[in-house]
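Below, each value reflects all heavy atoms present in this structure, side chains not excepted, and no hydrogens, waters or symmetry copies. Predicted, not measured: the structure shown is a model, and the values here were computed from it.
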Amino acid sequence: MDWILEPWPWYVAGPLITLTMALLLFLGKNFGMSSNLRTLCTMCGAGSTCDFFCFDWRSQKWNLLIMVGAVLGGFIAFNFLSVNQVPQLNDEVITQLHSLGFDSAGKTYVPTELFGDGAFTSVKTIAILIIGGFLVGFGARYAGGCTSGHAISGLSNLQLPSLIAVVGFFVGGLIMVHLLFPLIF
C-alpha cells in the first residue's frame, strides 16, 4: 500500500494522462470539467430559456462520469488513502500567511479561515467566494473552457487558442497572488 499512499512521480502520472488523451482523441472526444456545468444545466431544462443550453446533452454523458469519478476519487483519497493531510510548507511562507491572518497555515490542509464553518460568518469572505466563483465560471465560459480542458485537451490537439488561454490562466494567477491577494487580505 505504500506506493499508492505516496504522490506518484511524473513518469507514471504523465504517461497515464497521455494514454487517456490518446484514447479520447481516438474516440473524437474533448476533455474538460467546466463543460459539465453546461451539461447539467441542460439536463435540468435550461435549454428552454437560453439557446446556449440547446444541445444534445446525452452525447456528453461520458464526461459526467469523469466528474463523478473525480468527486468519488477525491473522497476515497482523502478519507482512506491519505496519511498526513497537512502539506509541508516553507517556514517563511507560514510566517507570511500568519501575518495575513491565516493562523491555520501549516496546521490544516486548507485554510480554515476560508474553508471552515467560520468563513460563512464574515460578509467579506462570503462576498469573495461569490465574486470569485462567478469570475471563475464566467472566465471558463469566456475562454471556451477551463484550465483542464485547455491545458490537457486543447494543448494535446495543438490548438493555438488553448495555448493563449493557458498563458492567460498563468498570468492571471500570478497577478492575483502577487498583486490582488495582498490588497484583499
### Query
Applying the 4.5 Å side-chain criterion to the ILVMFWY set and letting contacts propagate, would Ile128 and Leu180 be lumped into a single cluster?
yes

### Query
Is Leu163 linked to Phe170 within one hydrophobic cluster, defined over Ile, Leu, Val, Met, Phe, Trp and Tyr using a side-chain heavy-atom separation of less than 4.5 Å?
yes

### Message
Are more than 12 heavy atoms, taken from residues, nucleotides or ligands other than Asp51, located less than 6.0 Å from that residue's CG atom?
### Response
no

### Message
Go through it in stages, so that I can follow the logic: the residues are Leu97 and Glu113, the test is side-chain contact (heavy atoms from CB on, under 4.5 Å), and I'd like the CA-CA distance, side-chain angles, deciding distance and then a yes or no.
### Response
CA-CA 11 Å; Leu97 289 171; Glu113 293 81 6; over 6 Å; no

### Query
Would one find more than 12 heavy atoms of other residues, nucleotides or ligands at under 6.0 Å from atom CH2 of Trp62?
yes

### Heavy-atom pair with the smallest gap, counting every atom of Phe102 and Pro111
CD2-CB, 3.7 Å

### Task
Report yes or no: does Asn90 contribute a side-chain atom to a donor-acceptor pair with the main-chain N or O of Glu92 at less than 3.5 Å?
yes

### Candidate list Thr18, Leu24, Ile17, test side chain to side chain contact (heavy atoms under 4.5 Å, CB included), partner Thr20, passing option
Leu24

### Message
Can you give me the closest heavy-atom contact between Thr108 and Pro87, atom names plus distance?
### Response
O-CD, 3.8 Å

### Query
Have Ser35 and Gln60 got a donor and an acceptor in their side chains that come within less than 3.5 Å?
no

### Query
To the nearest 0.5 Å, what is the distance between CG (Asn36) and SG (Cys146)?
8.5 Å

### Message
Is the shortest side-chain heavy-atom distance between Trp8 and Leu16 below 4.5 Å?
### Response
yes

### Query
Looking only at heavy atoms, what is the nearest atom pair of Pro15 and Trp10, with distance?
CD-O, 3.5 Å

#### Entry: Between OG on residue Ser156 and CE on residue Met21, distance to nearest 0.5 Å
3.5 Å

### Task
May I ask you to check whether over 12 heavy atoms, not counting those of Asp91, lie within 6.0 Å of atom CG?
no

#### Entry: Chi angles and distances behind the side-chain contact (heavy atoms from CB on, under 4.5 Å) call for His150, Ile164
CA-CA 9 Å; His150 281 296; Ile164 294 169; over 6 Å; no

### Query
What about Phe80 and Val86, same hydrophobic cluster or not, with Ile/Leu/Val/Met/Phe/Trp/Tyr joined at side-chain heavy-atom distances under 4.5 Å?
no

### Task
With the side chain counted from C-beta on, respond yes when Leu23 and Leu19 share a heavy-atom pair under 4.5 Å apart, and no when they do not.
no

### Query
Does one hydrophobic cluster hold both Leu37 and Leu135, with members joined at side-chain heavy-atom distances below 4.5 Å?
no

### Query
Counting distance only, does the side-chain N/O of Lys29 pair as donor-acceptor with the main-chain N or O of Asn63 below 3.5 Å?
no

### Message
With a 4.5 Å cut-off on side-chain heavy-atom distances among I, L, V, M, F, W and Y, is there a chain of contacts connecting Phe75 to Val68?
### Response
no

### Message
Is it true that, when you exclude Phe78 itself, more than 12 heavy atoms of the residues, nucleotides or ligands shown sit nearer than 6.0 Å to its CZ?
### Response
no

### Query
Atom OG of Ser104 and atom OH of Tyr109: how far apart are they, to the nearest 0.5 Å?
13.5 Å

### Task
Any chance you could lay out the side-chain contact (heavy atoms from CB on, under 4.5 Å) test for Thr125 and Phe120, step after step, and finish with the verdict?
CA-CA 7 Å; Thr125 305; Phe120 297 109; over 6 Å; no

### Task
State, with a plain yes or no, whether a side-chain heavy atom of Leu179 is found less than 4.5 Å away from one of Leu174.
no

### Shortest non-hydrogen contact between Met67 and Met33, atoms and distance
CA-CE, 3.6 Å

### Query
Is there a donor-acceptor pair closer than 3.5 Å between any side-chain N or O of Thr42 and the backbone N or O of Phe53?
yes

#### Entry: Stepwise side-chain contact (heavy atoms from CB on, under 4.5 Å) test for Leu65 and Lys61
CA-CA 7 Å; Leu65 287 176; Lys61 286 191 295 189; over 6 Å; no

### Query
So how far is it from Met43 CE to Leu64 CG, rounded to the nearest 0.5 Å?
6.0 Å

### Message
What's the separation between atom CG in Leu129 and atom CZ in Phe134, rounded to the nearest 0.5 Å?
### Response
15.5 Å

#### Entry: Thr39 (side chain) donor-acceptor with Trp57 (main chain) under 3.5 angstrom
no

### Query
In terms of heavy-atom contacts, does CZ of Phe55 have more than 12 from other residues, nucleotides or ligands at under 6.0 Å?
yes

#### Entry: Gap separating the CG atom of Leu72 from the CD1 atom of Ile76, nearest 0.5 angstrom
4.0 Å

### Task
For atom CG of Asn79, decide whether the heavy atoms of other residues, nucleotides or ligands shown that lie under 6.0 angstrom number more than 12.
yes

### Message
For a 4.5 angstrom cut-off between non-hydrogen side-chain atoms, does Ile94 reach Lys107?
### Response
no

### Message
Are more than 12 heavy atoms, taken from residues, nucleotides or ligands other than Phe52, located less than 6.0 Å from that residue's CZ atom?
### Response
yes

